[in-house]
Amino acid sequence: MSGHGLDVLIPTVGRPAALAVALTSLVGQTAGGFRVVVADQSEDDEVFSHGECATALRVLHARGHEVETHAHRPRLGVAEQRDFLLSRAGAPAVLFLDDDVLLEPEVVAAMSSALAEEGCGFVGCAVIGLSHRGDERPHEQEVEFWDGPVRPERVDPSTRAWRRHLLHNAANLYHVQRRLGVTFEQPRLYRVAWVGGCVLYDRAKLETVGGFSFWRELPRHHAGEDVLAQMRVMERYGGCGLMPSGVYHQELPTTIPRRDVDAPHALGLEA
């Protein structure tokens, strides 16, 4: 278990090159002292045996970061994989990071500062698809800033607030933060429906609402497990998005092609 203030938890399957990019972007973070835990569910070969991943993990360790890797099988669904990763955490804050993202150097420090200052349940940096940099979508760029402290709020598919997710499509967030001149020196927090790919939780608050233990109530082929967890945390403790994001999607094909059940619609807010 962790003796650090932050655990970075990464679920992965069959993406050694993408994972290496994500790990390398952790190497460059201005924040220090975090621990990295990776759970791999590749069927044919552990990603850790690939040179690009092994090198990134060695560099993280050489720079003083504790590293823990697991071959976690069988595949019982991504919610179960996240539940396993959370069981390995011991730090007060946990950063769930997808294996197909790239972070700017200031991201982890900015998220940590925001979570500590607000005392809310989570802070997320939504992923940006830079291939859409020339694709302006004004009708999807509405943003609601938190001008005061982040507070609990109920957001589910039946509420108008659910439309907030449109801001995270394509490169909308990139366009908005550039237009408004938002920087890591003067960041802004905004209201969200949910955040995908890079979310920092107060671990105790996440565990209080059940974490990802609801995986037992879902079939193996599901999606939206991160959305459901955030909905439950947000209702009780509040949650927010951080602008600028500084997190970029590698825009690879999904490793979850079957999405028979959408967790927020199937289970809802009742924990």
Side-chain angles (χ1 to χ4, degrees), residues 8-31 34 36-60 65 67 69 72 75 78 81-82 85 94-111 123-135 137 140 165-178 184 192 194-200 223-227 230 241-259:
V8 181
L9 310 178
I10 307 176
T12 190
V13 57
R15 282 176 167 170
L19 177 62
V21 170
L23 292 170
T24 301
S25 68
L26 289 177
V27 171
Q29 291 301 301
T30 59
F34 56 83
V36 180
V37 185
V38 188
D40 174 36
Q41 294 196 316
S42 304
E43 295 180 2
D44 299 328
D45 191 13
E46 290 184 21
V47 295
F48 315 122
S49 65
H50 290 256
E52 59 266 48
C53 290
T55 298
L57 290 168
R58 291 187 193 111
V59 174
L60 280 164
H65 300 287
V67 174
T69 61
H72 181 60
R75 294 182 70 178
V78 65
Q81 192 180 17
R82 291 187 187 276
L85 280 164
V94 292
L95 174 60
F96 272 96
L97 191 68
D98 282 2
D99 64 356
D100 59 348
V101 299
L102 184 152
L103 280 61
E104 291 188 26
E106 302 88 352
V107 169
V108 174
M111 295 180 80
V123 175
C125 281
V127 297
I128 295 168
L130 276 184
S131 69
H132 296 275
R133 187 168 54 179
D135 177 13
R137 305 182 185 185
E140 294 182 350
H165 77 271
L166 297 175
L167 178 64
H168 296 163
N169 286 348
N172 290 332
L173 191 57
Y174 174 81
H175 294 137
V176 170
Q177 64 195 34
R178 283 176 61 87
F184 283 112
V192 298
W194 74 85
V195 183
C198 181
V199 183
L200 179 66
E225 79 298 332
D226 50 345
V227 179
Q230 289 172 46
L242 176 68
M243 185 185 302
S245 165
V247 180
Y248 304 95
H249 199 263
Q250 296 183 38
E251 303 187 58
L252 302 173
T254 181
T255 55
I256 310 174
R258 284 190 59 182
R259 298 165 179 249

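Because the structure is predicted, anything quoted here is derived from the model rather than measured.
The minimum heavy-atom distance between A31 and A109, with the atom names listed, is CB-N, 3.8 Å. Heavy-atom minimum distance, A54 versus F48: CB-O, 3.7 Å. Here the shortest heavy-atom pairing between G129 and A171 reads O-CB, 3.6 Å. A pairwise comparison of heavy atoms in C125 and S245 identifies SG-O, 3.5 Å as the closest pair. Closest non-hydrogen pair, T24 versus A56, comes out as OG1-CB, 4.0 Å. Minimum heavy-atom separation, D226 to G196: OD2-CA, 4.1 Å.
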Output, in order, the C-alpha distance, side-chain angles, deciding distance and verdict of side-chain contact (heavy atoms from CB on, under 4.5 Å) for L103 and L97.
-> CA-CA 10 Å; L103 280 61; L97 191 68; 3.6 Å; yes
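Only one option out of L95, L26, T69, L85 pairs with I10 in a side chain to side chain contact (heavy atoms under 4.5 Å, CB included); it is L26.
A donor-acceptor pair under 3.5 Å is absent between the side-chain atoms of H165 and the main chain of V192, judged by distance alone. When atom types are taken as modelled, the side chain of D98 and the backbone of D100 share no donor-acceptor pair closer than 3.5 angstrom. Of the possible polar contacts, one joining the Q29 side chain to the E104 backbone as a donor-acceptor pair under 3.5 Å is found. The backbone N or O of L102 sits nowhere less than 3.5 Å from a side-chain atom of S25 that would complete a donor-acceptor pair. Looking at Q250, its side chain does come within 3.5 Å of a backbone N or O of A18 through a donor-acceptor pair. Using modelled atom types, one side-chain atom of E251 and one backbone atom of S131 make a donor-acceptor pair closer than 3.5 Å. A donor-acceptor contact shorter than 3.5 Å links the side chain of H168 to the backbone of W194. Side chain of H72 to main chain of Q41: no donor-acceptor pair is present (N/O by atom type, distance under 3.5 Å, no hydrogens or angles). No donor-acceptor distance shorter than 3.5 angstrom exists from the side chain of E46 to the backbone of D40, with no hydrogens or angles considered.
Taking CD of Q177 as the reference point, atom CG of N172 lies at 11.0 Å (rounded to 0.5 Å). In this structure, CD in Q81 is found 7.5 Å from OG1 in T12, a value given to the nearest 0.5 Å. To the nearest 0.5 Å, atoms CG (L60) and CG (L23) are separated by 6.0 Å. Of the inter-residue distances, the one linking H249 atom NE2 with I128 atom CD1 reads 12.0 Å to the nearest 0.5 angstrom.
Looking at residues two or more places apart in sequence or on another chain, you find a salt bridge (charged side-chain N to carboxylate O under 4.0 Å, His left out) between R137 and D135, E140.
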